[in-house]
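In this chain, residues are counted from 1 in sequence order.
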Amino acid sequence: MAEDYNTYAKTIATNAKEASRALKQLTTIQKNAVLHKMEGLLLANESQIIEKNQIDLQNGKEKHLSSSMMDRLLLDSKRIRAMAKSIEEIRNLPDPVGEVVRGTILPNGLELLTKRVPIGVVMTIFESRPNVIVDIASLSFKSGNACILRGGSEAFHSNLILSSLFHKAIEESNLPGISKEVVSFVENTNREAMIPFFQLEDLIDVIVPRGGEALIRFVSENSKIPVIKHDKGVTNLYVSNEANPEIVLPILINSKVQRPGVCNALENLFIHKDFPNLKQLLIDLENAGIQILGDLSISKIFPSAKQASEEDFYTEFLDTRLSIKLVDSVKEAIKNIQKYSSGHTECIVSENVSEIQTFQQGLDSAAIFVNCSTRFHDGGEYGLGAEVGISTGKLHVRGPMGLIHLTTTTTYVTGKGQVRG
């Protein structure tokens with residue numbers, strides 16, 4: 001069986017590599033035409049997509065998946081339209097391929113021109129959310145990359161129909177030399193079947209895992225190929241005693257309950273002990289459906305709060321639970337965030353400019369927000385159209401990985417007979 005997995009992986013990767021070479025030859029107009037066709041196919045096949053998604057949802061219920069996982073799985077009319085809108089936004093973005101990032105003439109007369117080029121073959125391994133298929137396929141195609149997509153078994157039927165629609169968009173476009181292998185969907189959902197892919201560094205250029213800690217660790221420990229981690233989001237927010245009380249509650253509610261099962265949803269809340277009407281704020285949070293897990297200082301003010309453990313502050317709940325702690329100052333808030341953060345998203349709500357600067361300078365995360373919801377840490381909200389994921393590492397991209405981040409550079413050097421002395 002291991003040998004079968006090896007053959008399976010090498011066949012897919014080889015075909016993707018060949019497809020990537022042909023894809024590099026396409027013009028922006030040709031690439032956009034395929035994306036435009038995919039938009040139409042999504043909307044025209046809405047009922048079929050929902051039908052396949054219902055199979056995954058029913059299987060999820062039988063497997064007793066969490067409410068956050070079920071929310072991630074769901075595809076309804078609104079989300080399908082959002083996927084089509086995302087493709088439209090990607091289509092309207094400037095094509096990064098061919099962009100000149102440096103042009104110069106050296107003293108010896110050599111002309112240097114550095115341009116953006118596709119990375120080549122990008123493999124993405126993800127869990128739950130079937131819209132990822134459309135986002136990554138569209139971003140990869142527009143940036144001239146072939147992609148290998150491997151989703152979780154819980155979303156298999158949804159992933160299969162979405163990848164099939166992309167194949168249909170490619171085939172109906174009749175572009176010279178372009179095959180459906182530019183978007184390869186790995187149908188085998190066995191974890192062991194992934195490992196052979198991780199050894200093919202001559203065929204796959206980068207691997208992007210996005211999901212839980214176990215998935216990230218599994219990929220990182222087994223891959224010979226560079227890995228861009230899109231790790232968990234233990235998102236933190238500090239409410240200062242100098243915050244504008246009118247904006248605090250809306251920010252907290254939106255950050256936590258607008259969609260609790262995603263990585264930019266709030267998990268830890270640190271409140272200055274002198275924040276006015278603190279008890280009322282906690283009551284309002286509970287009334288909004290938030291399950292409060294408090295330290296001892298919170299329990300004294302709000303006895304109905306469940307006792308928070310130390311482990312809770314390290315945990316990405318992806319549901320309505322929220323760990324809350326009182327602090328004496330912005331510096332104490334920073335110290336706590338440095339301790340518990342996963343480097344994803346941090347936020348401060350304050351009107352004190354000096355305090356805001358201290359907060360920004362004291363932390364090192366992919367995004368640091370001031371006086372707004374943490375839910376804005378998103379490729380679409382950043383104007384990137386969509387994202388491959390949100391990278392919590394520092395190389396080669398940090399934060400939302402968008403169209404431009406799926407490129408690298410080539411330097412073209414032109415001379416007139418120069419030789420090096």
message = Students often mix this up, so state it plainly: with edges at 30° and 60°, are the rings of Phe197 and Tyr8 parallel, tilted or perpendicular?
response =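 The rings of Phe197 and Tyr8 stand perpendicular, inter-plane angle above 60°.
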>> Run the side-chain contact (heavy atoms from CB on, under 4.5 Å) test on Ile298 and Leu282 for me, step by step, so that the C-alpha distance in whole Å, both residues' side-chain angles and the decisive distance to 0.1 Å come before the verdict.
In response: CA-CA 9 Å; Ile298 292 294; Leu282 297 173; 4.3 Å; yes
task = Determine, stepwise, if the pair Phe218 / Met194 fulfils side-chain contact (heavy atoms from CB on, under 4.5 Å).
result = CA-CA 10 Å; Phe218 176 77; Met194 283 196 288; 3.6 Å; yes
Is it the case that [X] and [Y] place a side-chain donor and acceptor less than 3.5 Å from each other?
{"X": "Glu346", "Y": "Asn236", "value": "yes"}
{"X": "Arg72", "Y": "Ser68", "value": "no"}
{"X": "Glu267", "Y": "Thr315", "value": "no"}
{"X": "Ser153", "Y": "Thr189", "value": "no"}
{"X": "Tyr340", "Y": "Glu310", "value": "yes"}
{"X": "Asp312", "Y": "Ser309", "value": "yes"}
{"X": "Glu355", "Y": "Ser350", "value": "yes"}
{"X": "Asn190", "Y": "Tyr5", "value": "yes"}
{"X": "Asp56", "Y": "Ser158", "value": "yes"}
{"X": "Lys325", "Y": "Asn268", "value": "no"}

Judged by atom type as modelled, is there a donor-acceptor pair below 3.5 Å linking the side chain of Ser365 to the main-chain atoms of Ala367?
no
Please give me the minimum heavy-atom distance between [X] and [Y], naming the atom from each residue.
{"X": "His344", "Y": "His377", "answer": "O-CE1, 3.3 Å"}
{"X": "Asn254", "Y": "Arg375", "answer": "O-CG, 3.4 Å"}
{"X": "Tyr382", "Y": "Phe376", "answer": "CE1-O, 3.3 Å"}
{"X": "Phe275", "Y": "Ser240", "answer": "CD1-O, 3.4 Å"}
{"X": "Leu249", "Y": "Leu285", "answer": "CD1-CD2, 3.8 Å"}
{"X": "Lys31", "Y": "Lys142", "answer": "NZ-O, 2.8 Å"}

Got [X] and [Y] here, is their nearest side-chain heavy-atom distance under 4.5 Å?
{"X": "Ser143", "Y": "Pro118", "answer": "no"}
{"X": "Ile292", "Y": "Phe302", "answer": "yes"}
{"X": "Gln30", "Y": "Val34", "answer": "no"}
{"X": "Phe166", "Y": "Leu41", "answer": "no"}
{"X": "Cys147", "Y": "Met123", "answer": "no"}
{"X": "Asp135", "Y": "Val388", "answer": "no"}
{"X": "Ile390", "Y": "Cys263", "answer": "yes"}
{"X": "Gln307", "Y": "Leu296", "answer": "yes"}

Lys/Arg cation over aromatic Phe185: Arg150, 6.0 Å, 45° cone: no
What is the distance from atom [atom1] of [X] to atom [atom2] of [Y], rounded to the nearest 0.5 Å?
{"X": "Glu332", "Y": "His272", "atom1": "CD", "atom2": "NE2", "result": "8.5 Å"}
{"X": "Ile161", "Y": "Ile49", "atom1": "CD1", "atom2": "CD1", "result": "5.5 Å"}
{"X": "Ile148", "Y": "Glu181", "atom1": "CD1", "atom2": "CD", "result": "10.5 Å"}
{"X": "Leu73", "Y": "Glu127", "atom1": "CG", "atom2": "CD", "result": "11.0 Å"}
{"X": "Phe141", "Y": "Ile87", "atom1": "CZ", "atom2": "CD1", "result": "11.5 Å"}
{"X": "His157", "Y": "Leu57", "atom1": "NE2", "atom2": "CG", "result": "12.0 Å"}

Audit row: Ser77, Glu46, side chain to side chain donor-acceptor pair (under 3.5 Å) steps and yes/no: CA-CA 7 Å; Ser77 180; Glu46 179 181 303; 3.1 Å; yes
Take Leu384 and Leu403 through the test side-chain contact (heavy atoms from CB on, under 4.5 Å) and record every step on the way to the result. CA-CA 7 Å; Leu384 302 177; Leu403 197 61; over 6 Å; no
For atom [atom1] of [X], decide whether the heavy atoms of other residues, nucleotides or ligands shown that lie under 6.0 angstrom number more than 12.
{"X": "Lys229", "atom1": "NZ", "result": "no"}
{"X": "Lys52", "atom1": "NZ", "result": "no"}
{"X": "Glu246", "atom1": "CD", "result": "no"}
{"X": "Asn277", "atom1": "CG", "result": "no"}

Check this for me: does any side-chain nitrogen of one of [X] and [Y] sit under 4.0 Å from a carboxylate oxygen of the other?
{"X": "Glu88", "Y": "Lys85", "value": "yes"}
{"X": "Arg116", "Y": "Glu99", "value": "yes"}
{"X": "Asp205", "Y": "Lys17", "value": "yes"}
{"X": "Asp295", "Y": "Lys300", "value": "no"}

Worksheet entry | Steps toward side chain to side chain donor-acceptor pair (under 3.5 Å) verdict (Ser140, Asn145) | CA-CA 5 Å; Ser140 297; Asn145 295 283; 5.6 Å; no
Notebook entry, point to check: After noting the C-alpha distance and the side-chain angles of Leu162 and Leu42, does the key distance pass the side-chain contact (heavy atoms from CB on, under 4.5 Å) rule?
Noted result: CA-CA 8 Å; Leu162 292 174; Leu42 277 176; 3.7 Å; yes
